[in-house]
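Here's the structure we're looking at; comments come further down.
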Amino acid sequence: MKFTISTGALHKKLSAISGVISNNPIVPILENFLLKIENGQLTAIASDLQTTMMTSLPVEVDEEGSVAVPAKILMDTLKSLPEQPITISVDLESFVTEIHSANGHYKLAGENALDFPSIPTPQSGTEIFIPADVLAEAISNTIFAVSNDELRPAMNGIFIELKGNHVNFVATDGNRLIRYRRNDINTPIESAFIVPKKALNLLKGALPNDKTEVAITFTPHNAFFSFNNTRTVCRLIEERFPEYENAIPQNNDKILIVNRQEILNSLKRLDIYANKATHLVRFKLGGSRLEILAEDIDFSNEASETIDCQYEGEAMEIGFNARYLIEMLSAIATEEVKITLSGSNRAGIIMPAEQSQEEDILMLLMPIMLSNYV
């Protein structure tokens, strides 16, 4: 096996998939990239058994073949070399891999490609197409609310719900829930599946920032994302996602409209003074003023700020986790946000004050009971 490629091109491609590789893989061979030369193309594959990423590019081929090469050593070598053509040759008897650069020669121990786990292929399944920038936006708007609780595996990923004339992307950790809806995506059938957080984070990092079509094929056990010369395969979370629609209140009659950047900056300052365990901030609503207070009794720290707002409804107080609010408000791009409430012990709904026809963002946040912290 022998081929020639530039250091920059190879490093860029391997960087896009290297995040899959675990520091403590289940089996040692997963510390390697699988490199395959076939039909003038180099295909590089990385896997942790749950998620697999592969990418390909044309190379100058002398001999075809495949080998598993230590990922860290190869990446560190490419990173330290200046841009130049290099030749990589592999002895397919011993799997010793040699890299020849303009001024150097590097030898590393490879492994038999046959020992690398096989990659699932979509024998049959449903296929939909989503522009790369839309998919990246959907992931960014929901992934921060995915739960890390291993005891609730159904909430460890994003629930992708195909509804025929729109697609919902939903994430929840029990304290907050995000539903990001795209009304400009039609699907051939109605279905739903849960994609793990790690796979989507890796996918988001590899997606181009343009309208490139991403083909998504899903089967009962796996999802396949393909675009350009890159493919991501991940095992789905085969659990029942919570009935999230039942958690969304329909009768929040108190409406707060406020400048997004103004309340976001205020929360970042007040969180400094809030309790470090709860990050509790208290909203006092009434008239055209929103007063936000934070207090940490253990250290006698307290702070408050007042913001101009539009508010419809009876005066009320409600407590929220400032960190959660900051993350949610940071994901919204509009100048103003609308927060609807019904009572101090009921979930609040946060959304852009104005939404386009293509997308619909709804964020639910459970309150913190103030009686427990005053």
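Within the structure, salt bridge (charged side-chain N to carboxylate O under 4.0 Å, His left out) contacts touching residues 120-133 (residues at least two apart or in different chains) are Asp133-Lys211. Pairs of residues two or more places apart, or lying in two chains, never qualify as salt bridge (charged side-chain N to carboxylate O under 4.0 Å, His left out) while including a residue from residues 334-345. The salt bridge (charged side-chain N to carboxylate O under 4.0 Å, His left out) analysis of residues 39-61, with sequence neighbours excluded, yields the pairs Asp48-Lys198.
Atom OG in Ser226 sits 5.5 Å away from atom CZ in Arg231 (nearest 0.5 Å). To the nearest 0.5 Å, the span separating CG on Leu264 from CG on Leu329 amounts to 5.5 Å. The CD1 atom of Ile21 sits 13.0 Å away from atom CG of Asn24, with the distance rounded to the nearest 0.5 Å. Rounded to the nearest 0.5 Å, atoms OG (Ser56) and CG (Asn39) are 11.0 Å apart. Note that CG of Asp173 and CG of Asn156 are 10.5 Å apart. Values are rounded to the nearest 0.5 Å. Between Lys204 atom NZ and Thr232 atom OG1 the span is 13.5 Å, to the nearest 0.5 Å.
For the residue pair Asn32 and Glu111, a side-chain donor N or O sits within less than 3.5 Å of a side-chain acceptor on the partner. No side-chain donor from either of Tyr273 and Glu295 sits under 3.5 Å from a side-chain acceptor of the other.
Hydrophobic clustering, with ILVMFWY side chains joined whenever heavy atoms are under 4.5 angstrom apart, groups Leu236 together with Val214. Side-chain heavy atoms closer than 4.5 Å link hydrophobic residues (I, L, V, M, F, W, Y) into clusters, and following such links, possibly through other members, connects Val258 to Tyr311. No chain of hydrophobic side-chain contacts below 4.5 Å, direct or via other Ile, Leu, Val, Met, Phe, Trp or Tyr residues, connects Leu293 to Leu365. Taking hydrophobic clusters as Ile, Leu, Val, Met, Phe, Trp and Tyr residues chained together by side-chain heavy-atom distances below 4.5 Å, Phe169 shares a cluster with Ile332. Leu256 and Met351 fall into different hydrophobic clusters, where Ile, Leu, Val, Met, Phe, Trp and Tyr residues are linked whenever their side-chain heavy atoms come under 4.5 Å apart, directly or through other members.
Proximity of Met75 to His11: side-chain heavy atoms (C-beta onward) are separated by under 4.5 Å at one or more points. Proximity of Thr97 to Tyr106: side-chain heavy atoms (C-beta onward) are nowhere separated by under 4.5 Å. Taking 4.5 Å as the limit, some side-chain heavy atom of Thr7 sits within range of a side-chain heavy atom of Gln84. Within the 4.5 Å cutoff, no side-chain heavy atoms of Ile158 are placed close to those of Lys197. Using a 4.5 Å cut-off on side-chain heavy atoms (C-beta onward), Ile350 and Leu362 make no contact. Residues Met363 and Leu177 are not in side-chain contact: their nearest non-hydrogen atoms beyond the backbone lie 4.5 Å or more apart.
For Glu305 and Arg269, the salt-bridge test passes: some basic side-chain N is under 4.0 Å from an acidic carboxylate O. A salt bridge links Arg179 to Asp360: one of the charged nitrogens lies within less than 4.0 Å of a carboxylate oxygen.
Tyr244 meets the side chain to side chain donor-acceptor pair (under 3.5 Å) test with Glu161, Asn168; sequence neighbours excluded. Every residue two or more places apart in sequence or in another chain that forms a side chain to side chain donor-acceptor pair (under 3.5 Å) with Arg152 is listed here: Asp149.
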Quiz: residues 318-328 side-chain donor-acceptor pairs under 3.5 angstrom, not counting sequence neighbours:
from, atom 1, to, atom 2, distance (Å)
Asn321, OD1, Arg323, N, 2.8
Asn321, OD1, Tyr324, N, 3.1
Asn321, ND2, Thr278, O, 3.3
Arg323, NE, Asp271, OD2, 2.6
Tyr324, OH, Asn175, ND2, 3.4
Glu327, OE1, Arg176, NH1, 2.5
Glu327, OE1, Arg176, NH2, 3.1

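When the shell of 6.0 Å around CD of Glu314 is examined, it contains 12 or fewer heavy atoms from other residues, nucleotides or ligands. Residue Asn246 places its CG atom among more than 12 non-hydrogen atoms of other residues, nucleotides or ligands, all under 6.0 Å distant. By the 6.0 Å contact criterion, NZ on Lys36 is open, its count of non-hydrogen atoms from other residues, nucleotides or ligands being 12 or less. Heavy atoms of other residues, nucleotides or ligands lying less than 6.0 angstrom from CG of Asp210 number more than 12. Counting heavy-atom neighbours within 6.0 Å of Arg289 CZ, excluding the residue itself, gives a total above 12. The environment of CD in Glu150 is sparse: at most 12 heavy-atom neighbours from other residues, nucleotides or ligands sit within 6.0 Å. Enclosure of atom NZ in Lys276 by more than 12 non-hydrogen atoms of other residues, nucleotides or ligands within 6.0 angstrom is indicated.
Checking each of Lys284, Glu291, Arg282 against Ser304 for a side chain to side chain contact (heavy atoms under 4.5 Å, CB included) leaves exactly one that passes, namely Glu291. Considering Phe224, Phe241, Phe218 in turn, Phe218 is the only one that fulfils the ring-ring contact (aromatic ring centres under 6.0 Å, His included) rule with Phe193.
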Exercise. Would you check, one step at a time, whether the test side chain to side chain donor-acceptor pair (under 3.5 Å) holds for Thr52 with Ser47?
Key: CA-CA 4 Å; Thr52 300; Ser47 179; 3.0 Å; yes

